[in-house]
Amino acid sequence: MQLEERQIEVEQSEPLNDEGARRDTMTINMGPQHPSTHGVLRLILTLDGETIVKAVPDIGYLHTGIEKTAEDKSYFKALVLTDRMDYLAPLCNNLGYSLAVEKLLDLTVPERALYARVILAELQRLASHLVWLGSSALDLGAQSVFLYCFRERELILDIFELCSGVRMMTSYIMPGGLQADLPEGFDAQVRAFLALFPKRLREYHDLLTNNRLWIDRTKGIAPLAAADAITYGCSGATLRGSGVVYDVRKAFPYSGYERFDFDIPVGSNGDVYDRYLVRMLEMDQSLRIITQALDALPGGPWQVDDPKIVPPPKYLISSNMESLIHHFKLYTEGYRPPAGEVYVRTESPKGELGFYVVSDGSARPYRMHVRAPSFANLQALPSMIEGQLLADVVAAIGSIDIVLGEVDR
Amino acid sequence: MDATLVAIIAAVVKSAIVIAALLTIFAYMTLIERRVLARFQRRVGPNRAGPFGLLQPLADGMKMAFKEQIIPTRARRLVFVIAPSISVFVALAAFAVVPLGSPTAWGSSPTARAWAPLVADVNVGILYILALSSLAVYGIVLGGWSSGNHYSLLGALRSAAQMVSYEVSIGLAIAGVLMFAGTLSMVGIVQAQVQQGIWFILAQPLGFILYFIAATAEVNRAPFDLPEAEQELVAGYLTEFSGLRWSLYQMSEYINMITAASVAATLFFGGWTLGGLDGIPGIPFVWYTIKVAVVLFVFIWMRATLPRIRYDQLMRLGWQLLLPLAVLNLVVTAAVVAFDVPWWISTIFSLIVLAIGGIVYYVRRRRVEPSAQPSDEALRLALPTSVRLVRIDSSASAATARQPAEVSPN
């Protein structure tokens with residue numbers, strides 16, 4: 001019922017043509033079950049032939065209530081919720097949340113954790129970009145690229161599995177450091193990946209970057225002017241593709257990003273092709289960061305030395321009374337940061353991921369709000385695709401790289 | 001026995017054999033495509049049912065047969081039910097004139113000729129194929145329209161526009177071959193190639209390339225599979241079809257593909273002939289199969305590699321590039337045939353056109369696209385000027401940008 005009402009609403013607001021008559025348009029419902037809306041995005045499209053006259057995104061089909069649920073969990077336990085927002089980049093979510101909580105607690109994590117976090121976050125960026133590349137190529141019909149990308153992504157997920165025992169929902173980065181020390185063989189496995197990946201990246205360039213069909217499908221498609229991108233609050237590659245030089249890692253360095261030497265790829269036309277190239281070049285830069293961080297990775301502790309924040313090691317629990325108490329307190333009650341509010345921004349693969357956490361001095365967040373980059377980027381979609389062809393809609397959706405879990409959170 | 005009666009019995013039996021064979025080949029074509037595609041994509045493909053997955057088509061067929069055939073409430077029932085049959089009918093019928101061997105393979109008596117390895121040696125064979133493949137659009141348009149679904153309708157409209165456009169290019173692209181052969185009969189074209197001692201692809205490379213592109217579009221294969229572009233139109237005209245009706249459409253698509261490959265083999269690669277072994281029974285059929293298989297493999301290869309072209313670009317390609325080139329090819333071939341100059345003149349012309357095309361493409365690409373911007377050393381890519389790498393001294397920007405925006409704990 002509600003659905004029909006909405007459609008009527010859309011139809012009644014059909015634009016008029018030059019003579020003032022109603023255009024002969026057709027309304028179609030793209031999603032939430034559609035092969036290329038990247039999850040459960042619903043677009044109500046008004047078409048004139050195959051030209052988009054009007055596009056209305058409708059979200060909320062993957063609403064998980066993560067922000068609200070977090071208010072009912074201790075800081076220590078709310079971490080696992082963040083994995084499920086941008087489920088293609090859980091480690092980056094973990095990082096943003098951990099930084100916010102650490103800022104509330106006024107903690108400084110050890111150097112080893114700092115570097116490990118950068119390595120993991122950049123690996124996660126590569127994994128996320130690989131999924132983006134594969135799925136956006138698949139949307140435009142280049143189906144083999146999809147499987148090649150997943151082949152490399154699997155190598156990254158193997159590294160995560162080595163670290164945390166889990167491929168995706170790792171929760172490996174936690175407030176206070178890491179869940180566990182980087183495992184043996186981590187260095188070798190990452191280096192093996194670093195040696196392999198540039199060749200594979202080159203293959204993707206060969207397949208797509210100068211491919212005439214690919215250029216035809218992406219160049220000049222779904223343009224987004226720099227001013228519009230800023231107005232809509234876009235961030236990440238969607239913003240940089242339009243020519244705005246803004247990367248949180250450079251503008252507001254966190255977790256030691258200021259120590260690494262890397263460049264920011266910036267486009268100028270704001271079309272699908274520029275956004276594509278920006279992300280492709282970002283992968284190079286991520287490799288540079290990982291290499292530097294891996295070379296400089298120090299030894300030492302990987303967590304803060306504070307049993308009130310991080311659980312004590314297992315062997316102490318069975319021999320040390322105090323550790324047992326800490327363990328019990330941490331898991332039943334958690335820690336109580338001082339009252340206050342923080343906003344921490346990080347550069348997730350999708351764009352600026354911000355965590356706004358309010359503490360009222362209790363063990364649970366009074367409010368957690370997530371500034372989700374996918375949500376802001378999605379706002380720009382209608383202005384990109386209106387006037388374009390139906391086939392360009394999938395190119396545009398692919399190019400803003402949204403994850404509906406994060407949009408609806 | 002009466003020769004007419006023999007001819008009728010032979011025609012019926014051969015039709016039955018061809019239909020049965022095509023249905024089997026269709027089934028195994030799906031398996032081959034899935035396996036080959038899987039290889040391209042570093043997967044294994046279906047290999048569970050039977051050795052090497054050989055029973056997979058059987059399993060698929062049974063699954064399809066037992067599936068519920070949904071007719072949407074908004075569908076026009078009669079048309080919806082009939083439409084898939086139209087597609088399959090024309091696809092099967094078009095194959096009737098494809099020669100799988102010499103018409104005199106079993107001798108030249110009327111009885112032997114009646115049992116020759118082709119259903120019908122029509123003297124306008126190629127026209128017959130073109131006519132039937134034009135009819136194929138009815139199955140798709142009617143199916144899409146009758147579904148009562150917007151996606152289906154869009155798919156159907158795309159298909160109509162695409163097939164009508166590319167029909168013209170196909171006709172003109174093969175006209176060159178027909179001039180060389182001097183006949184419209186499929187058998188006659190093969191025999192002409194034997195007599196002139198060449199495969200017509202040697203005389204008509206441009207014609208072959210044009211035919212191949214246009215045929216790919218005509219049979220809705222990637223990168224021209226717009227009518228069923230799953231990422232855009234869910235499944236295009238197929239969206240509302242299920243069960244056997246859906247498999248009928250699949251069947252017609254694959255059979256059309258096989259027919260297009262057979263036409264390519266017959267017109268450009270000498271059909272069932274190759275060298276002196278043609279007299280041995282069975283060998284011509286092997287040659288024919290190999291040639292068709294190679295063409296079909298290229299179809300699958302393209303599907304694995306290329307992104308899908310957009311609807312308006314497809315139209316532009318058809319009308320603004322393929323059609324003028326086909327006309328040009330036609331005129332030159334006509335001149336070559338009319339003035340009785342050697343056949344390689346048209347080859348040279350074709351190669352010149354292709355070379356010019358290649359140069360124009362390369363130069364335009366250089367001008368429009370990359371202007372050799374040095375990027376990461378490791379990649380050494382020629383990148384478009386639209387994207388650049390920005391170097392930011394992060395310690396400086398950190399100092400200036402730190403203060404605002406952050407809410408400190410109070």
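To find a chain, count down the sequence lines: A is the first, B the second, and so on, and within it residues start at 1. Computed over heavy atoms, backbone and side chain alike; hydrogens, waters and symmetry mates excluded.
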Trainee: Both conditions, 6.0 Å and 45 degrees, for the charged tip of A:R153 above the ring of A:F150: are they met here?
Mentor: yes

Trainee: Check whether A:Y343 forms a cation-pi arrangement with A:K103 (NZ or CZ under 6.0 Å from the six-membered ring centre, at most 45° off the ring normal).
Mentor: no

Trainee: State which residue, out of B:Y249, B:Y151, B:W246, fulfils the ring pair (Phe, Tyr, Trp, His ring centres under 6.0 Å) condition with B:F241.
Mentor: B:Y249

Trainee: Which region of B:R303, side chain (C-beta onward) or backbone (N, CA, C, O), has a non-hydrogen atom less than 4.5 Å from a non-hydrogen atom of chain A, or is it both or neither?
Mentor: both

Trainee: Any chance you could lay out the ring-ring contact (aromatic ring centres under 6.0 Å, His included) test for B:F299 and B:F212, step after step, and finish with the verdict?
Mentor: CA-CA 9 Å; B:F299 277 134; B:F212 192 76; 5.1 Å; yes

Trainee: For B:L37, which atoms come within 4.5 Å of any heavy atom of chain A: side chain, backbone, both, or neither?
Mentor: side chain

Trainee: Quick check on the interface: out of A:P337, A:P265, A:A137, who has the most heavy-atom pairs with chain B under 4.5 Å?
Mentor: A:P265

Trainee: Determine whether a donor-acceptor pair (N or O, by modelled atom type, separation under 3.5 Å) exists between the side chain of B:S146 and the backbone of B:G143.
Mentor: yes

Trainee: Quick check on the interface: out of A:D261, A:V145, A:L207, who has the most heavy-atom pairs with chain B under 4.5 Å?
Mentor: A:D261

Trainee: Please state whether the side chain, the backbone, both or neither of A:D106 comes within less than 4.5 Å of a heavy atom of chain B.
Mentor: neither

Trainee: Heavy-atom cut-off 4.5 Å, strictly under: side chain, backbone, both or neither for A:L47 against chain B?
Mentor: side chain

Trainee: Side chain from CB out, backbone as N, CA, C, O: work out which of these in A:I221 comes under 4.5 Å of a heavy atom of chain B, or both, or neither.
Mentor: side chain

Trainee: Output the distance between atom CD1 (B:I140) and atom OG (B:S152), rounded to the nearest 0.5 Å.
Mentor: 12.0 Å

